[in-house]
Amino acid sequence: MPRYNPAVIEPKWQTYWESNKTFRCPDMPVGEKVYVLDMFPYPSGEGLHVGHPEGYTATDIVSRYSRMRGKTVLHPMGYDSFGLPAEEYAIRTNTPPRVSTEKNIANFTRQLKMLGFSYDWDRCLATTDVAYFKWTQWIFLELFDTWFDPVRQKGRPIAELPIPEDVQAAGENAVAAYRDRHRLAYQDEALVNWCPALGTVLANEEVIDGKSERGGHPVQRIPLRQWMLRITAYGDRLLSDLDSLDWSPSIKKLQADWIGRSTGAEVDFPICSPDAFQAWKTSRATKPFPEVQPEDSIRVYTTRPDTLHGATYMVIAPEHPLVKKIVTPAQQAAVTAYCEAAAFKSDRDRTDGDKKKTGVFSGAYAINPVTGAPIPIWIADYVLIGYGTGAIMAVPAHDDRDFEFATAYSLPVVCVVSPDASGEELQQILEGKACYTGPGKAMNSGPLDGLGTEDAKAKMIAILSEEGIAKGAVNYKLRDWLFSRQRFWGEPFPILHELDANGNPTGRMRPVDRDNLPVDLPQLEDFKPHGRPEPPLAKAADDWLYVTIDGKRYRRETNTMPQWAGSCWYYLRFIDPKNSTALVDRAKEKAWMPVDLYVGGAEHAVLHLLYARFWHKVLYDRGHVSQPEPFQKLVNQGMILGEVEFTGYQKSDSSWVSTSSLEKGDNGLVDRVSKEPVEAVKVDESAVTKVGDCFVLLSDESIRVDSRAHKMSKSRGNVINPDSVVSEYGADSLRLYEMFMGPLEATKPWSTKGVNGVRNFLDRVWRLMIDTQSDTNQLVDAIQDVPPTAEQNRVIHSTIMNVTRDIESLGVNTPIARMMEFVNFFTKESVRPKCAMETLVLLLAPYAPHIAEELWEALGHSKTLAYEPWPTFDEAMTKASEVEVPLQINGKVRAKVVVPADATGEQLEAAARGHERIHELLDGKQIVKAIVVPGRMVNFVVK
RNA sequence: GCCGCUGUGGCGAAAUGGCAGACGCAGCAGACUUAAAAUCUGCUGGGGCGUAAUUGCCCCGUGUGGGUUCGAGUCCCACCAGCGGCACCA
């Protein structure tokens, strides 16, 4: 009987690996170590998606390959299990989040084991494990206990923070407040996206068009006291250390853009009458540039200090504290209305570049500190409170946004940079009728005149620094990380707020003693959010909520940490998952870190990877880890799309409209001619054909249809479930197919026929060795214990060489093609040397481990092949004794000649000249040059 | 708008600057079979010439247009299309 039957052999080997602890990883590496890490999944109720096994198979191949190369491999798996979806689900089904989370984890674990990944399951963890988040809280306390020393560019213990004398003098509370202001984890009044329906603040990227991404509920911007992490302090290091990483340029660039470092200057503009300007200037010249913006001026950040003479007005954000102070009575009503409207827009909404710029005049004027001219102060939401100082100097001649605004409100435009242009264009710019943002020569700019843009910037900063009016400054788009959420299903903050005798907060806080960690979540009957920004944990019983220490009463912090917290350090815990005295043992950490290969989706290119790098650097500064960066090599797997679909478009009378005659109407697509709306209709593959570059209907070739693979989604109904693929084709086929689809990093469409194709290959591998007529796994007669022939050896050795080389460079698809060629070749051989079969099985093992183990056993081995030495090759054996070499004339192949593989250039050229047809073609021509590449080609250049 | 990635047969894709399309899917043909399935074997970019038929020969072909080179899918410049990300960051 025995046909290849994955349904039997796959569970058999999974059980074998599990009961023999085949993939248990020792505490400390023996010899060379490799740490191969997957981005751990969020255990959703839907279970594994086919996208998950793609990256997981790639890392499993590397892990299994590395073991066979004798390395010690750390290859763990866990779950990122805190978060909003679990909680929403819990609310809907009225079950505690922990219950549904554990159920989902069990399902994920079943599915992952079903795919035969070689994880060390003893190291499995979930961020929701109390024993795990104890250390998440511990790290939070470390952040709380750290300040950033800008001189040393390093996080240091808060106890080492120098306290200025005046603060010291102001007493204990002032010192405590000073410390609190400098911690990496600090509380601050922040403008947040508050969603009353979800009962939580949301990150900017969770808000779309002023509505929550989840549920589409309205979102408001309100000020709330929130926990923040001072990631901006690490901006420079997060940026510059990217250079040391083996990451794709595109991911590095995404991170660099997100950090968004820019250099320029901060400049103060006095708010006073022109008469008082000289006095202001004189008083400024006596002192250095003030640390904090004085009341009598507006501080702006600019990257173009060279254009200061062209600043004809100023704009401050609607939330800017000065708005209330400077607005004139006549403008009061208009300003209030404008600011209120702005409050209802999210950051994203407001920064939508397509929108027309709006603004309102405050009635007040400031003085341009270099020209002495009064300039109006406007309020507009194109200026963001969160970036720079929340105020700008507007130079409409040299900034597109300012120009657009100036045009809309008829504000003056003064050109101060002579552009690199000519004719009409130059004239327009000089007259202030067009905007020029590029570099040029300074003009109308007093002492800067004639200088190039870079020199002018430097000179302006130098002059104004001298006068105490400005200083050079660096800014980041990166904001401090808003770290608290008003939800139940997250890590509680290990922070206590001191209460006075009346039960009111004193404003002082203390960390929970580290011995008292973890702070577990309270049991709550009702963990639902409500419409107020008061976290659900506030509903906990008093014995959880209130703590008395040394006679003082405290109330626990009731916010929880965001989902990102747990994933910031899980890779460290995998090294030492059971440690109860430290987050990770120092010696083990040193032995295993950094992660040598980290694979996951590109959706984490910015947030997760930036947050984790930030935490890691803090832990590094505080001496808990030995390396400045956690992830040495990062690879982003591409997305797997659904099967290719053909879509035609029909009018209401069912007549077809070609995609070439569609246009965008007000409500979707319409026929360009009749403007009638059309409906998208799925067309079967058999009903279309390709003509030229387009697919058209077979029934009417004038009707073009769309051909596209779409992202898998429930609503589209094109989701492929790994469970059903495994039950129909087997786990090895799924693994093999996902690798065979194409390069790991590419986006590629699913094809069920393709799965069938690789299954077919595994069937052929099986029949190559197993006699399907027999009742047991009897080897076919062709397999004999004989040495391979020269030709067989060439196939064996070149297959080993190519497979090895490609796995090393993470080329996952091409080794499969090589193995297919191997099988195609040996299928035709009536004598199949046993050693050749063993080689194939070992090469196949990282890809399709179950069938490989089964065949290894059939070949007479009694234990797992997981630690068998990887086959080696002799490059000399890969070469044929004779090669066919193309002969070209002027770069065109005209003939081929067979020569010994080791033929020299002279021999090859002689053979080429001697070739009958080449001789013929060269007759009467003058050979200008002969290019001979031994073993590859000959090219005669003739006239 | 800005940035990045990708453009190769009917489809997924290969190809250290050296014979474009390996390998797989789909398709076609043959063998086996009463038949089908399965399996095995072969063919399969387009056009043309030639021949009884083969062997064979020529031209075109890697999004478009240029360039570098003896030789370009590969390197350089410009453009076009698709996908993805960012998007008033002063």
Side-chain angles (χ1 to χ4, degrees), chain A residues 3 248-251 253-254 257-258 260-262 264 300-304 307 315 347-348 350-355 357 380-384 386-395 398-402 404-405 475-479 602-603 605-606 638-639 641 644 685 688-690 693 695 707-709 737 740-743 745-758 760-761 763-764 767 772 805 811 813-821 824 827-828 884-896 917 928-933 935-942:
Chain A
R3 300 242 302 266
S248 72
S250 65
I251 296 288
K253 198 173 174 310
L254 277 176
D257 286 351
W258 189 266
R261 186 179 195 271
S262 70
V300 302
Y301 171 73
T302 176
T303 55
R304 293 292 302 273
T307 62
V315 184
D347 243 13
R348 179 167 295 216
R350 286 189 18 190
T351 58
D352 192 339
D354 294 344
K355 299 241 164 70
K357 292 195 177 28
D381 66 5
Y382 82 91
V383 172
L384 309 171
Y387 183 77
T389 61
I392 61 155
M393 65 175 205
V395 185
H398 306 292
D399 182 285
D400 289 325
R401 298 148 302 176
D402 296 344
E404 194 190 318
F405 191 79
N475 238 307
Y476 300 91
K477 287 191 203 175
L478 182 70
R479 313 289 160 83
E603 67 275 18
V606 178
M639 206 190 331
L641 304 173
V644 173
E685 193 188 343
V688 299
T689 184
K690 192 160 188 178
D693 285 340
F695 282 91
S707 141
R708 240 198 96 170
Y737 173 64
F740 192 57
M741 288 172 89
E745 296 181 73
T747 301
K748 40 212 174 257
W750 185 266
S751 156
T752 298
K753 284 181 180 151
V755 188
N756 197 49
V758 294
N760 218 344
F761 164 65
D763 279 319
R764 281 165 62 83
R767 285 193 302 268
T772 51
R805 212 180 43 204
N813 50 338
T814 45
I816 300 171
R818 299 286 90 83
M819 289 188 268
M820 286 172 169
E821 285 172 318
N824 290 344
T827 296
K828 290 182 197 131
E884 192 185 49
V885 173
L887 308 177
Q888 304 178 348
I889 292 174
N890 286 344
K892 285 193 191 297
V893 180
R894 292 301 174 195
K896 289 166 187 177
R917 176 148 180 86
V928 182
K929 201 168 167 189
I931 291 120
V932 182
V933 184
R936 310 247 12 167
M937 47 78 62
V938 178
N939 186 15
F940 293 106
V941 185
V942 302

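Note that the structure is predicted; figures quoted are calculated from it, not measured. Chain letters run A, B, ... following the sequence lines, proteins first and then strands; every chain starts at 1.
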Among [options], the one nearest [X] by side-chain distance:
| X | options | answer |
| --- | --- | --- |
| A:Asn813 | B:A14, B:C19, B:G42 | B:A14 |
| A:Tyr301 | B:A13, B:A90, B:G24 | B:A90 |
| A:Glu884 | B:C11, B:C19, B:A14 | B:C19 |
| A:Asn760 | B:G18, B:C25, B:C19 | B:C25 |
| A:Met820 | B:A14, B:C23, B:G12 | B:C23 |
| A:Lys748 | B:A90, B:U39, B:A13 | B:A13 |
| A:Leu254 | B:C83, B:C40, B:G85 | B:G85 |
| A:Glu821 | B:U41, B:C23, B:A13 | B:C23 |

**Item:** 5'-most by nearest nucleotide on RNA chain B - A:Ser751 or A:Asp763
**Value:**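 With A:Ser751 and A:Asp763 compared, the 5'-side residue is A:Ser751.
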
**Complete:** The residue, A:Val885 or A:Ala391, whose nearest nucleotide of RNA chain B is more 5′ is A:Val885

Rounded distance (Å) that lies between atom [atom2] of [N] and atom [atom1] of [X]:
| X | N | atom1 | atom2 | result |
| --- | --- | --- | --- | --- |
| A:Leu641 | B:G82 | CG | C1' | 13 Å |
| A:Phe740 | B:A22 | CZ | P | 12 Å |
| A:Met741 | B:C25 | CE | C1' | 12 Å |
| A:Leu384 | B:A87 | CG | C1' | 12 Å |
| A:Lys828 | B:U41 | NZ | C1' | 8 Å |
| A:Tyr737 | B:C11 | OH | C1' | 10 Å |
| A:Ile816 | B:C25 | CD1 | C1' | 14 Å |
| A:Arg708 | B:G84 | CZ | C1' | 11 Å |

So what does [X] hit on the nucleic acid, given a heavy-atom distance under 4.0 Å: a base, only sugar-phosphate, or nothing?
| X | result |
| --- | --- |
| A:Asp402 | nothing |
| A:Arg818 | base |
| A:Asn756 | nothing |
| A:Asn824 | sugar-phosphate |
| A:Lys896 | base |
| A:Arg764 | sugar-phosphate |
| A:Gly757 | sugar-phosphate |
| A:Glu745 | nothing |

**Check: A:Arg304 side chain, B:A90 base, donor-acceptor under 3.5 Å** =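 Result: no qualifying N/O pair found.
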
**Message:** Regarding B:U16, can its base be found pairing with the side chain of A:Arg936 as donor and acceptor, where the two atoms are less than 3.5 Å apart?
**Reply:** yes

**Message:** What I want to check is whether the side chains of A:Thr752 and A:Tyr737 have a donor and an acceptor closer together than 3.5 Å.
**Reply:** no

**Prompt:** Side chains of A:Ser262 and A:Tyr301: donor-acceptor distance under 3.5 Å anywhere?
**Reply:**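 There is such a pair (donor and acceptor under 3.5 Å, judged by atom type) between the side chains of A:Ser262 and A:Tyr301.
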
Indicate the atoms forming the closest heavy-atom contact of [X] with [Y], along with that distance.
| X | Y | answer |
| --- | --- | --- |
| A:Pro743 | A:Asn813 | N-ND2, 3.7 Å |
| A:Val300 | A:Thr389 | CA-OG1, 3.3 Å |
| A:Asp402 | A:Ala394 | OD2-CA, 3.3 Å |

Distance test, side-chain N/O of [X] to OP1/OP2 of [N], below 4.0 Å:
| X | N | value |
| --- | --- | --- |
| A:Arg3 | B:A38 | no |
| A:Tyr382 | B:A90 | no |
| A:Ser262 | B:A90 | yes |
| A:Arg767 | B:C40 | yes |

So, taking the atom named [atom1] in [X] and the one named [atom2] in [Y], what distance separates them when rounded to the nearest 0.5 Å?
| X | Y | atom1 | atom2 | value |
| --- | --- | --- | --- | --- |
| A:Asp399 | A:Ile392 | CG | CD1 | 6.5 Å |
| A:Ile931 | A:Phe940 | CD1 | CZ | 10.0 Å |
| A:Leu641 | A:Met741 | CG | CE | 8.0 Å |
| A:Asp257 | A:Leu478 | CG | CG | 12.0 Å |
| A:Lys929 | A:Asn890 | NZ | CG | 12.0 Å |
| A:Leu384 | A:Lys477 | CG | NZ | 11.0 Å |

**Asked** Using Watson-Crick pairs (N1 to N3, plus N6-O4 or O6-N4) and G-U wobble pairs, both distances under 3.5 Å, which stems of at least 3 pairs involve RNA chain B?
**Response** B:1-7 with B:80-86, B:10-12 with B:23-25, B:27-31 with B:39-43, B:45-49 with B:56-60, B:63-67 with B:75-79

Nucleotide N/O of nucleotides 68-74 of chain B paired with protein N/O under 3.5 Å:
from  : atom 1 : to       : atom 2 : distance (Å)
B:C70 : O2'    : A:Asn939 : ND2    : 3.3
B:C70 : O2     : A:Asn939 : ND2    : 2.6

Please list, for nucleotides 44-47 of chain B, all pairs of protein and nucleotide N/O atoms separated by less than 3.5 Å.
none

**Asked** B:U16 and B:U6: how far apart are their P atoms, nearest whole angstrom?
**Response** 15 Å

Under 3.5 Å, which N/O atoms of the protein pair with N/O atoms of nucleotides 54-61 of chain B?
from  : atom 1 : to       : atom 2 : distance (Å)
B:C57 : O3'    : A:Arg917 : NH2    : 3.2
B:C58 : OP1    : A:Arg894 : NH1    : 3.4
B:C58 : OP1    : A:Arg917 : NH2    : 3.1
B:C59 : OP1    : A:Arg894 : NH2    : 3.2
B:C59 : OP2    : A:Arg894 : NH1    : 3.1

**Item:** Anti/syn call for B:G9, syn if |chi| within 90°
**Value:** syn

Do [X] and [Y] make a side-chain contact, defined as non-hydrogen atoms from C-beta onward lying under 4.5 Å apart?
| X | Y | value |
| --- | --- | --- |
| A:Thr827 | A:Arg764 | yes |
| A:Thr302 | A:Met393 | yes |
| A:Arg894 | A:Gln888 | no |

Pull out every protein N or O sitting under 3.5 Å from an N or O of nucleotides 2-5 of chain B, one pair per line with the distance.
from : atom 1 : to       : atom 2 : distance (Å)
B:C3 : O2'    : A:Lys253 : NZ     : 3.0

**Item:** A:Lys748 side-chain N/O to A:Ala746 backbone N/O, donor-acceptor pair under 3.5 Å
**Value:**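 Here the side-chain-to-backbone pair exists.
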
**Asked** How would you list, by chain and number, every residue that makes a ring pair (Phe, Tyr, Trp, His ring centres under 6.0 Å) with A:Phe405, sequence neighbours excluded?
**Response**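 Result, ring pair (Phe, Tyr, Trp, His ring centres under 6.0 Å) vs A:Phe405: A:Tyr313, A:Trp378, A:Tyr382, A:Tyr409.
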
